[in-house]
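Worksheet for the structure shown next.
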Amino acid sequence: MPSLLELKLRANQKVEQLGLPGEHHEDWLYTQLENISPEIPTAPARPGNHDGADVYLVNGHLVRGELMTLEHMPPTVISKILSLYEREAYDGFSSWNLSQCDTVQVVTAAGTMRLHHHVTTGRHAAHPRLAIIPPARSTTTLYLRLTAEPGESLTNLHLLLIAENNTKLNLVLEQDLAVTASSVVTLHAIAEKDARIEVTDLQLSGKVTRLTFLGELTGAGAHLALHGLLLGYDARHSDSTASIRHLSSHTTSKETYYSILNNASSSAFTGHIYVERNAQQVDAQQLNRSLLLGDAARAFSRPQLEINADDVKCSHGASVGRLDPTALFYLRSRGISQAEARQILIEAFAHEILAGIADLDIRKSVESNVKFHLQDVAHG
Amino acid sequence: MLEIRNLHAEVDGKPILKGIHLKLAAGETHAIMGPNGSGKSTLSQVIAGREDYTVTQGEIIYNGRNILELSVEERAREGIFIAFQYPTAIPGVNNMQFLRTAVNAIRKHRGEKELNSGDFLKEARYAMQQLDMNPEFIKRAVNDGFSGGEKKKNEILQMYMLKPRLVILDETDSGLDIDALQDVSRAVNQFRSPERSFLVVTHYQRLLDYIKPDHIHVLFDGRIVKSGGPELALELEQSGYDEIKAAAVL
Amino acid sequence: MEQVLEKLNTDYEHGFITAVEQEVFPKGLNEDIIRMISRRKNEPDFMLTWRLKAFAAWQQMKEPDWAKINYPRIDYQNISYFAAPKKKIESLDDLDPEIRATFEKLGIPLKEQEVLAGVKGAPVAVDAVFDSVSVGTTFKKTLADLGIIFCSFSEAVQEHPELVEKYLGSVVPVRDNYFSALNSAVFSDGSFCYIPKGVRCPMELSTYFRINASGTGQFERTLIIADDDSYVSYLEGCTAPSRDENQLHAAVVELIAHENAFIKYSTVQNWYPGNKDGVGGVYNFVTKRGLCKGNNSRISWTQVETGSAITWKYPSCVLKGDNSIGEFYSVAVTNNHQQADTGTKMIHLGRNTKSTIVSKGISAGKSSNAYRGLVRISGKAEGARNHSQCDSLLIGSRCSAHTFPYIEVKNNSAVVEHEATTSKVSEEQLFYLRQRGLSEEEAVSLVVSGFCKEVFLELPMEFAVEAQKLLQVSLEGSVG
């Protein structure tokens, strides 16, 4: 097993050789990060005022709260994490993160935790790297909020989620940056036997926000859910590129993404469901809906199925359109104004994603952030 | 209350209504009957203010004012209510939130105080009781996953809550079993008053056994071809629309 | 089930070879070969210039590798680019009896009297292409009376050069893709059709393609122009002998629909798929595209793809005219080692344009079947609508089914809906049908034809019957 240092050196070499993916790369077809290259300096350690989160990180460095670093973990955990890092396919941002990250912060405790990562102003990139590996048979809920001050910064986060035997792991991930800052999150989630992972991906604000998701269902009874809400206004762009791989029989997954786009904003959804040969009794469902409110808003959708077993139930659906005119008419026929009817329908659309967040406190926090941004979305 | 003068309307360039005249006084209930495709539903949609129906001639006078220039919500706030034939399902929008927003929009328009959620709930519960509806109803998404009967009852519930002055029942009996039909009719009859008028649009005479109209108009090919008292419904039931059709062709 | 699988082995009904004296060009591709083809066909200068331009473009291009298909590298220098029966044909009566017998064996009537005698119901005018050349077109006279031009491509180049020059490459430009560039350089024949203004073509027009010669590629070109207010229904069928080698077929079809015109294009593709171990079979790399040029025009593609070792084709519509309509109905069946990567592109440019996609993929054996489709609503396509339905059916546990739709919406008044499902033939359905006395084969066939019904309904009557039969044959031996 190569050491972390060795992996970092390898990653560095690869980034120098291959650089970051651009539009020639199929998975980055619709998403371009202008002015972002590996030459951008790594953001410096800074103190910061935390906002009540249990764990507060600034520019990739822990400022408040307790997290273990990788070297303090038991050898079995270290080798598990490192072997996963080693076999990750090259994707540029993830390797850049690995080469630049200060350390690997590990979450091992069960229970509920609020984490906040903040990037200070400046033209720099932060490379936080977190590994979440709660004890088997436990239930863990994490709320991770990403913010950035105005400035051309990049939050380049790498997250590893490992849900072992019978573990329940919920993650609410919120990208809520200043409108000039961008973020790329690489999330690798592994659901082992009878484990359940639920990820809610909220991309609320930022110049470009993106989630690159790799979910693997490796044991029978594993379930993976990925829900996302992409909000767009001005010229903002959001992207979710997710691959869900059913590597074992008797696994289920559900993916639901909604976009609400105003002005000249755009969103790109790529959902790739892969079923391994002989992975029978798989149920995989995927849905992508986009609401185009702005005259120049654009939506790109690529729902993909790659099925190599026959006893499976897989489906995907995608739709792009405006607010349903018959629903608008119905509401107005009861005396509700056009603007209010729009607002009701837009909020209801967003709510379908938020309703999936089981932890009510976290849902409340998220709802108020979403509502805040929806004002921009609904009125343009 | 309502006077329709020489109303012509078309959909996608195709004329559907070809000169409707109708007068409905306060407290009266009129029925519009006619075969499929005669223009019955178009008439209710045009009164409601559907934008994809184009009025090419004529006017609709409601309480002394031509309402054609009013938007759909302005008409609703003025007291016009349509119980739709096919109420739209709105997934994700909670029935209570929807109704409260509507009630308060209308109250505000009338210069009344907005209802707080306690008062609103009290009123809604009472209305639901009248309609023999399950109180859980109010928590569900608007018409989403409702049975045909539940949808129609939900329309009547809205009528109770919004307290309109002109009610148009568009094929309200369609998709209702006899029990639901009786519930709905009872609720409508209770709601009748000297200040309120009803326009009951229906294909069958069945509904008129329960909601007795003062006048009946027969609509055919976009025009009212016959008007009369309640006895006209029975006549139609016996002879069907064929005679009307034959007469209209002549 | 395993027993049924073992017992049955798909027989390719059209696998015979016709013994006929052939003129075959030497193998290899260079400018001289292209000049030879052009000279042999006595083409005007513009054609040669166009071919050479395409060849230059092709040399700069790379063979695409993005499709979900695997095949050994094709040696383009080891293919002969022209093969034709030696005997010169002046009219249908001169046709080599061997060739006539071939088409008769395939059920393609080349004698007008036979068709008129009502053997096959409604008359169908046929252009038969044998290897690189058209060997005969029926009903030319009847059609000419209406002003309809229906002839081989070679003839069109001679008789109607102005139409060919105007429209050739106007929908699929030479640089469009690797295979279309190759086709543009070397295509030898094909069908040409022009429907004049206001004419509703009274019979189905049909081209029947047959590869016979060994070591050759087939590169034909079809060009159909429907002028204002016209209508035509066009059928295309194809077969090839069973050979151990892989034969290359790279065709280009261009359709142009002017104002209010409607072109209905149906294909039953039954090229030799290779044997059950994956030896031999046709590589079918085809570019088909229709341009709805005029307002209110409509192009409808229906395809039943059962043959070929590899299928790579995406019949597409460019919806330029306002209110124009594009449709794609497809059944693609793969069995044994067949690979198919097929679908469509709907490019919405005009206002209120509509498109419909219905794709049914059936994979059996060790085959791989992919749907790949693009729906693009451009910024100016106000009020555009698309509905796509892509379903896959899996038979057996060693096959694969893939779905790769691309949806790009740049206009906020568009409504785009896409649905896809993947499922297997259910044991319960089979059990139920067998309990009612059907064999397992019959039961599968019944379920599959139900699955494809929506698409078959789009086919002209006689073709639908053929397609149904073909489907049954293709899936023989698949139950397991």
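We use all heavy atoms of the structure for the numbers below, so side chains are in, but hydrogens, waters and symmetry mates are not. Just so it is clear: chains get the letters A, B, ... in the order the sequence lines come, proteins before strands, and each one is counted from 1.
Between C:Pro405 and A:Pro303, the closest heavy-atom pair is CD-O, 2.5 Å. The heavy-atom pair separating C:His402 from A:Ile307 by the smallest distance is ND1-N, 3.4 Å. Smallest separation of non-hydrogen atoms from A:Arg277 and C:Ser400: NH2-OG, 3.0 Å. Nearest heavy atoms, A:Arg322 versus C:Asn412: CG-O, 2.7 Å.
Most heavy-atom pairs under 4.5 Å with chain C: of the set A:Leu291, A:Asp295, A:Ile273, this distinction falls to A:Asp295. When each of C:Cys390, C:Gly379, C:Cys399, C:Ser363 is checked for heavy-atom pairs under 4.5 Å with chain A, C:Cys399 comes out on top. For the options C:Glu419, C:Glu417, C:Glu408, heavy-atom pairs under 4.5 Å to chain A are most numerous at C:Glu408. When the candidates C:Val425, C:Thr422, C:Thr421 are compared by the number of heavy-atom contacts under 4.5 Å with chain A, C:Thr422 comes out ahead.
Rounding to the nearest 0.5 angstrom, the gap separating the CG atom in A:Asp310 from the OG atom in C:Ser392 is 12.5 Å. Here NZ of C:Lys410 is found 12.5 Å from CG of A:Leu292. Values are rounded to the nearest 0.5 Å. Atom OG of C:Ser397 is separated from atom CG of A:Asn308 by 11.0 Å, given to the nearest 0.5 angstrom. Interatomic distance, CD of A:Glu306 versus OG1 of C:Thr403, reported as 10.0 Å (0.5 Å rounding). Here the straight-line distance linking atom NE2 of C:His418 with atom CG of A:Leu287 works out to 11.0 Å at 0.5 Å rounding.
Neither the backbone nor the side chain of C:Asp391 comes within less than 4.5 Å of any heavy atom in chain A. With a threshold of 4.5 angstrom between heavy atoms, C:Ala414 approaches chain A through N, CA, C or O but not through any side-chain atom. Only the backbone of A:Leu293 comes within contact range of chain C, with heavy atoms under 4.5 Å apart. Heavy atoms closer than 4.5 Å to chain C are found nowhere in A:Gln285, neither backbone nor side chain. Contacts of C:Ser413 with chain A are made by both backbone and side-chain atoms, with heavy-atom separations under 4.5 Å. For chain C, the nearby part of A:Tyr30 is the side chain; its heavy atoms alone come within less than 4.5 Å. Residue A:Gln286 does not touch chain C at all, counting heavy-atom pairs closer than 4.5 Å.
Residues C:Leu394 and A:Val312 meet the side-chain proximity criterion, which asks for heavy atoms closer than 4.5 Å. Using a 4.5 Å cut-off on side-chain heavy atoms (C-beta onward), C:Tyr406 and A:Gln304 make contact.
Within 6.0 Å of the NZ atom in A:Lys207, the count of heavy atoms belonging to other residues, nucleotides or ligands exceeds 12. Under a cut-off of 6.0 angstrom, the local environment of CD in A:Glu34 is sparse, with at most 12 non-hydrogen atoms contributed by other residues, nucleotides or ligands. Shown here is A:Gln32, whose CD atom has more than 12 heavy atoms of other residues, nucleotides or ligands within 6.0 Å. Atom NZ of C:Lys320 has 12 or fewer heavy atoms from other residues, nucleotides or ligands within 6.0 Å.
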Open item on the list: As a quick check of understanding, evaluate side-chain contact (heavy atoms from CB on, under 4.5 Å) for A:Phe300 and C:Arg376, giving each step before the final call.
Closed with: CA-CA 9 Å; A:Phe300 306 98; C:Arg376 176 180 290 151; over 6 Å; no
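The aromatic rings of C:Phe404 and A:His272 sit parallel, their planes meeting at an angle under 30°, below the 60° perpendicular limit.
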